Protein chains: 2
Amino acid sequence: MAVSLKDIAERAGVSLATVSNVVNGYRPVGERTRQRVQQAVDELGYSPNLSARHLRRGRTGLIALAIPELNNPYFAELAEIAIREAAGLGYTLVMENTAADREAELLLLDGSRRHIIDGLIFSPVRIGRAEVLARTADSPLVLIGEGVHDVPHDHIAIDNVAASHAAIQHLVGIGRRRIAFIGAADGGDRQSAHLRLRGYREALAAAGLPYRPGLVAPTREFGRRDGEQAMRDLLALDEPPDAVFGYNDLVAIGALRALTEAGHRAPRDVAVIGIDDIEEGRFSNPTLTTIAPDKEAIGRLAVRRLVARIEGTQVTAPLTVQTPFRLICRESTSAGR
Amino acid sequence: MAVSLKDIAERAGVSLATVSNVVNGYRPVGERTRQRVQQAVDELGYSPNLSARHLRRGRTGLIALAIPELNNPYFAELAEIAIREAAGLGYTLVMENTAADREAELLLLDGSRRHIIDGLIFSPVRIGRAEVLARTADSPLVLIGEGVHDVPHDHIAIDNVAASHAAIQHLVGIGRRRIAFIGAADGGDRQSAHLRLRGYREALAAAGLPYRPGLVAPTREFGRRDGEQAMRDLLALDEPPDAVFGYNDLVAIGALRALTEAGHRAPRDVAVIGIDDIEEGRFSNPTLTTIAPDKEAIGRLAVRRLVARIEGTQVTAPLTVQTPFRLICRESTSAGR
DNA sequence: TACCACCTCTATAACGTTATACAGGTGGTG
DNA sequence: CACCACCTGTATAACGTTATAGAGGTGGTA
């Protein structure tokens, strides 16, 4: 059933190697022969067996993007950008969902899948520096997000401290004084949660506001549900907050929901801001103010660096890039309501 | 760098074949030898080369799920379920985004990627019966959704006509009479849009309501933005609708946004219902009434049938399964507001 | 004419794995 | 003791591809 080089070679009456050369353009082939071969290829509908090609050549043209939460739109949007960029460079990007599971992350880093891809863009959350250093696979690795630092790989992330700082500054700017943070990490992982908490504290200090541990709500995960529950708890405080900074947009949207259900209104009673700029926040009611990372830059840069490493055109030392972000002010913090 | 069977064999002082037998458990190996080999495997950190294995065995353990919109949460949620089910059966599922692009769909069906996966779960929207029939790849294919019918492959979908009928029935039941439909397909593709339109018309007729073409709003795509624009247009009519049925939840959420912006309220002025039961609709304001397909059933069934075909345990004729759905009534259609 | 350079094309050895066929040893049975 | 069955392990040929070395032919130059 499957058509192989051999079938083409027989049909065209040439050798295996010649067909390969026509298909890959690796070495010049005479015009007459080339046409005969091409015709056979078209007629039989040949497409090369990637496994065999990989085995021989060491490249599949496949790269993977590994993310911790498939149903977080932030990653879906990022993936879409990365897929486009990869296609433009002649690569196919496959998505892998680690589901924030440690075993899944380890497997991805060093498991059997590594043999099938040319390189990996990875957003780790459950493994640390040691695991990345212990990796034996030799395909290039580009890290995104805050999971792991100080490893010999390219690394792309936003400045989480600064981003979080900007969010708080905005809330302070619209006159809020009791500012809560939803989405502190419970365990030791989720480095970005720590960094965003740090930015939160720094910004409070800079604004001359006290740091109140009671206004910091840890969550187990970072979905809408977690934000909703945390917001309910915050509303039950003797002195509830007048503003909330969500670890990400999903958490913030959950908080919005809890406010609505409790009969409060944002931003009148509580202003809400998130991070990620997912499309959902442009359509929520109220629309969500957010810190927008430059997803386009992150996605494209990650793919470009990975491909550069794969093709060996980039032999410089590992590079760490901080991509820009900007504040997008929408209804959930704007006074006009 | 990469550790191969040969390295293990040398280290353990046995033959290549024996190592392979230990790793695969294909044939019995003496206890002493097995332990020596296992130790070498652990020490050197061996993991089999999938390309080579595939080349020899014809299986990679990889299956693909191809969806038309990565940033539609419906597919993300479905993917998450399918990934879990696949893992439970010993397979790795990779996601492919066709972005509703015809070329991408064709490539997936018959391109070089086919050599690297054992089977494909496919939700086609731009190709039809002819293209599927012309496929030459011999790995199993399971179709989901309404894209293609009457082909010799397993097929899983909900009954779109009935689902749409149920949605309209609900709107009629709460007393609405001018019911709009957002998300009719513009072109000839998107079979499910046609089916949902048919259910809409049937239900109107069954309720003794007239079919008003002016209340049917075609959209180019099926995102929040499309729903928002369509709703705006509907509100500009001389006699705007008192209820809206969205092709999917995203469209319905866009409609909700347009209502809010125009100063209307759902369900008081216009009731809104969608299809898909994405998590976002449980947190929107108002929360979104929806027809919930049994995503768990679809995802698990699709994977199970595919794996059965791959492993040849299922040699029955192609099966078409209609999975159940149910109405989930939330704020956007419930009177208490 | 003799020689070399060049241009096409071909034969073949890998890549890492698994299935097949077989070799050697041990124990049991007639 | 002869024979067979069985168990454990091995050598080897594929799978489809590409890189390397080289074969054969043509044309140009000394």
Side-chain angles (χ1 to χ4, degrees), chain A residues 1-38 40-41 44-62 111-118 136-139, chain B residues 1-38 40-41 44-62 112-118 137-139:
Chain A
M1 190 91 229
V3 182
S4 77
L5 277 188
K6 201 164 81 179
D7 302 319
I8 307 290
E10 276 169 16
R11 174 111 172 189
V14 296
S15 81
L16 258 175
T18 301
V19 181
S20 174
N21 283 332
V22 170
V23 173
N24 297 286
Y26 168 61
R27 293 221 327 209
V29 174
E31 191 48 34
R32 271 174 48 86
T33 334
R34 136 164 285 116
Q35 282 186 6
R36 255 210 335 279
V37 171
Q38 191 58 53
V41 165
L44 271 58
Y46 167 77
S47 72
N49 182 319
L50 276 190
S51 291
R53 171 177 287 178
H54 187 207
L55 187 57
R56 181 61 237 244
R57 188 155 63 173
R59 296 253 187 91
T60 47
L62 244 48
S112 58
R113 232 111 84 241
R114 74 184 185 194
H115 290 298
I116 222 166
I117 55 169
D118 293 344
T136 67
D138 42 6
S139 59
Chain B
M1 191 90 228
V3 182
S4 77
L5 278 188
K6 200 164 82 179
D7 302 320
I8 306 290
E10 276 169 15
R11 174 109 172 194
V14 297
S15 82
L16 257 175
T18 301
V19 180
S20 174
N21 284 331
V22 169
V23 172
N24 297 287
Y26 168 62
R27 292 218 330 208
V29 174
E31 191 48 34
R32 273 173 48 86
T33 333
R34 136 162 284 116
Q35 280 186 9
R36 255 212 332 281
V37 171
Q38 190 59 53
V41 165
L44 293 169
Y46 167 77
S47 71
N49 181 320
L50 275 190
S51 291
R53 171 176 287 179
H54 186 208
L55 189 56
R56 182 61 238 242
R57 188 154 64 174
R59 298 254 186 90
T60 47
L62 244 49
S112 59
R113 231 111 85 244
R114 74 183 185 193
H115 290 298
I116 224 167
I117 56 169
D118 292 344
D138 42 5
S139 59

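Just so we're on the same page: letters track the sequence lines, and every chain starts at 1. Computed from a predicted structure; not experimentally measured.
Residue A/Thr18 is in base contact, counting any heavy-atom pair closer than 4.0 Å across all strands shown.
For B/Asn24, a side-chain nitrogen or oxygen approaches OP1 or OP2 of C/dT18 to under 4.0 Å. Regarding contacts with the backbone of D/dT18, a side-chain N or O of A/Arg53 is found under 4.0 angstrom from either OP1 or OP2. In this structure, B/Ser20 reaches the C/dT18 phosphate: one of its side-chain N or O atoms is under 4.0 Å from OP1 or OP2. Dashed line: the shortest gap from a side-chain N or O of B/Ser15 to OP1 or OP2 of D/dA11 is not under 4.0 Å.
Between B/Asn21 atom CG and C/dA21 atom P the separation is 15 Å, expressed in whole Å. Here the P atom of nucleotide C/dA21 and the OH atom of B/Tyr26 are 10 Å apart, to the nearest Å. Protein atom CZ of B/Arg59 is 18 Å distant from nucleotide atom P of C/dT17, rounded to whole Å. The CZ-P distance, from A/Arg57 to D/dT18, rounds to 6 Å in whole Å. When rounded to the nearest whole Å, the span between NZ of B/Lys6 and C1' of D/dT12 equals 14 Å. Atom CG of B/Leu16 is separated from atom P of D/dT8 by 20 Å (rounded to the nearest Å). A straight line from CD1 of A/Ile8 to P of D/dT18 spans 13 Å, rounded to a whole angstrom. The distance from atom CG of B/Asp7 to atom C1' of C/dT17 is 13 Å, rounded to the nearest whole Å.
Not one N or O on the side chain of B/Asn21 forms a donor-acceptor pair closer than 3.5 Å with the backbone of B/Tyr26. Judged by distance alone, the side chain of A/Arg11 and the main-chain N or O of A/Ala40 form no donor-acceptor pair under 3.5 Å. Judged by distance alone, with hydrogens and angles left aside, the side-chain atoms of B/Arg59 form no donor-acceptor pair with the main-chain N or O of B/His54 at under 3.5 Å. A/Asn49 places a side-chain N or O within 3.5 Å of a backbone atom of A/Ser51 that can act as its donor or acceptor partner.
Judged by distance alone with a 3.5 Å cut-off, a donor-acceptor contact links the side chain of A/Arg56 to the base of D/dT18.
Mapping A/Leu55 and A/Gly13 onto DNA chain C via the closest heavy atom, the residue that lands nearer the 5' end is A/Gly13. Comparing A/Tyr46 and B/Arg32 against DNA chain D, the residue whose closest nucleotide sits nearer the 5' end is B/Arg32.
When the nucleotides C/dT17, D/dT17, D/dT12 are ranked by their closest atom to the side chain of B/Leu5, C/dT17 comes out on top.
The CD atom of A/Gln35 lies 9.0 Å from the CZ atom of A/Arg32; values are rounded to the nearest 0.5 Å.
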